[in-house]
Amino acid sequence: MPRNRDKPLSLNDFEIGKPLGKGKFGRVYLAREKSTGFICALKVLHKSELVQGKVEIQVRREIEIQSNLRHPNVLRLFGYFHDKKRIFLVLEYAGHGELYKHLQKAGKFPEWRAAQYIAQMTAALKYLHKKHIMHRDIKPENILVGIHGEIKISDFGWSVHAPNNRRKTMCGTLDYLPPEMVIPGGKDRFYDEKIDIWSLGVLMYEFLVGQAPFEDTPVMTQRRIMRAEMTIPSFVSPEARDLIKKVNSLTSRVLSDTDQFLFSSSYSTLRNVYH
Ligand code: AMP
């Protein structure tokens, strides 16, 4: 919360509003902190369900990591408290909900819009990686949209703080996983934050085309990821095609400052047509 408190937060400090959504392990409500009128999203997790789902460590990690992050494109976690049965997370309210739903409704995004989102994702990932945090589960379901249409990365349940930059746990969602994680025995290998860059390429494709590039049966998806085998439809512009290929490269996966700039500026003409 944007003020210093001398006593710990509790449920009594909030007025609870409409439900915003339901996740695998909890419900999220619109809420207002009574003394300041501050609007936020309150996520309620039941301790028994976390124990049953064996995700206590994951949730603890999510709280530890997210509460230390401050970036306009990363969902803020302002605080947390708990009672006997529940854990409450006080989150930044993302007024336009899930990006996934916007994508479903639109089918696919025009390039100017995809470019804006990818530029914001890139800024957020650069920030996370600089802090040696890998998100490891980048996909439209884990991205929320703020009141001004800006995107907010959320769901840090799979993220990890790895100061030595190398990890070896299998995680995330198959469609967005990079080759180094899906190859047989891949889960025993080391990988680094380049896994998020790969997912960014998958996301870019999905924004522009309306479905993920390697979508298939699980076995075929795995095979196609290992070969970086994707068909980019002809309506995708040469600039976007080039960037997707660069980011989903099997050998190098680089997103330099120049790329980020090029990507967000190469569409500026298009953007001007729409605005
Ligand atoms: P989660 O348990 O984090 O997957 O959240 C379940 C659903 O609640 C999401 O899919 C969103 O629709 C909604 N939601 C979660 N967090 C927020 C938030 N900070 N602002 C607005 N809606 C949210």
Side-chain angles (χ1 to χ4, degrees), residues 1-2 9 11 13-33 36-82 85-106 109 117 120-121 124 127-128 133 135-160 171-176 196 199 203 206-207 212:
M1 300 303 225
L9 283 168
L11 195 53
D13 294 316
F14 296 89
E15 279 166 26
I16 307 297
K18 65 170 183 178
L20 294 173
K22 191 174 174 296
K24 200 169 168 199
F25 289 103
R27 286 169 195 276
V28 184
Y29 300 90
L30 187 64
R32 189 205 323 254
E33 208 241 357
T36 57
F38 186 76
I39 298 289
C40 57
L42 201 64
K43 188 168 177 173
V44 187
L45 301 162
H46 285 265
K47 290 179 181 175
S48 59
E49 288 177 20
L50 302 181
V51 173
Q52 212 170 16
K54 297 192 172 70
V55 289
E56 303 114 287
I57 294 176
Q58 201 174 317
V59 170
R60 186 182 292 256
R61 193 192 280 160
E62 180 172 5
I63 294 173
E64 273 166 14
I65 291 181
Q66 206 173 346
S67 50
N68 282 306
L69 300 175
R70 293 188 187 11
H71 187 276
N73 300 117
V74 174
L75 194 78
R76 272 289 295 272
L77 172 61
F78 293 112
Y80 55 91
F81 52 92
H82 65 113
K85 293 189 170 160
R86 298 162 296 183
I87 298 174
F88 301 87
L89 307 185
V90 186
L91 293 161
E92 178 181 5
Y93 171 51
H96 286 297
E98 287 171 68
L99 183 62
Y100 178 70
K101 291 210 174 122
H102 293 280
L103 183 58
Q104 265 191 330
K105 205 168 154 202
F109 294 142
Y117 288 156
Q120 291 171 41
M121 283 297 297
Y127 168 78
L128 295 178
I133 291 162
H135 186 280
R136 308 199 298 179
D137 200 15
I138 297 293
K139 54 182 175 179
E141 292 87 330
N142 290 341
I143 301 170
L144 294 171
V145 185
I147 201 79
H148 304 294
E150 77 284 20
I151 58 163
K152 309 266 178 194
I153 301 186
S154 75
D155 228 320
F156 283 78
W158 277 119
S159 64
V160 70
C171 55
T173 312
L174 186 61
D175 266 306
Y176 300 84
D196 286 337
S199 312
L203 197 68
E206 188 166 350
F207 284 170

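Since we're looking at a predicted model, the values are computed, not measured. Counting convention: from 1, in listed order, for ligands and their atoms alike.
- Ring centroid separation for the pair Phe88 and Phe14 does not come in under the 6.0 Å cut-off.
- Counting heavy atoms closer than 4.0 Å to ligand 1, residue Ala41 contributes side-chain atoms (C-beta onward) but none from N, CA, C or O.
- When the options Asn73, Ile143, Leu103, Ile151 are evaluated for a side chain to side chain contact (heavy atoms under 4.5 Å, CB included) with Tyr117, the one that passes is Ile151.
- Each of Val74, Asn68, Asp196, Leu69 was compared with Ile133 under the side chain to side chain contact (heavy atoms under 4.5 Å, CB included) criterion, and only Leu69 meets it.
- Atom CG of Leu42 and atom CZ of Arg86 lie 9.5 Å apart (nearest 0.5 Å).
- With respect to atom 8 (O) of ligand 1, the closest heavy atom belonging to the protein is Gly21 CA, 3.3 Å.
- Atom CD1 of Ile153 and atom CD of Gln120 lie 10.0 Å apart (nearest 0.5 Å).
- The single protein non-hydrogen atom nearest to atom 17 (C) of ligand 1 is Leu144 CD1, 3.6 Å, given as residue, atom name and distance.
- Contact annotation: for Val28 versus ligand 1, heavy atoms closer than 4.0 Å belong to the side chain alone.
- The backbone N or O of Asp137 sits nowhere less than 3.5 Å from a side-chain atom of Asp155 that would complete a donor-acceptor pair.
- Listed by number with element, the atoms of ligand 1 under 4.0 Å from a non-hydrogen atom of Glu98 are 9 (C), 10 (O), 11 (C), 12 (O).
- When heavy-atom distances to ligand 1 are checked against a 4.0 Å cut-off, Lys22 comes that close only through its backbone atoms N, CA, C and O.
- In terms of protein heavy-atom proximity, atom 19 (N) of ligand 1 is nearest to Glu92 O, 2.7 Å.
- With respect to atom 20 (N) of ligand 1, the closest heavy atom belonging to the protein is Ala94 N, 3.0 Å.
- The protein heavy-atom contact nearest to atom 3 (O) of ligand 1 is Lys43 NZ, 2.8 Å.
- Protein heavy atom in closest approach to atom 4 (O) of ligand 1: Gly23 CA, 3.9 Å.
- The number of heavy-atom neighbours closer than 6.0 Å to CZ of Phe25, taken from other residues, nucleotides and ligands shown, is above 12.
- Listed for the Tyr93 side chain is no donor-acceptor partner under 3.5 Å among the backbone atoms of Ile147.
- In terms of protein heavy atoms, atom 13 (C) of ligand 1 is closest to Leu20 O, 3.7 Å.
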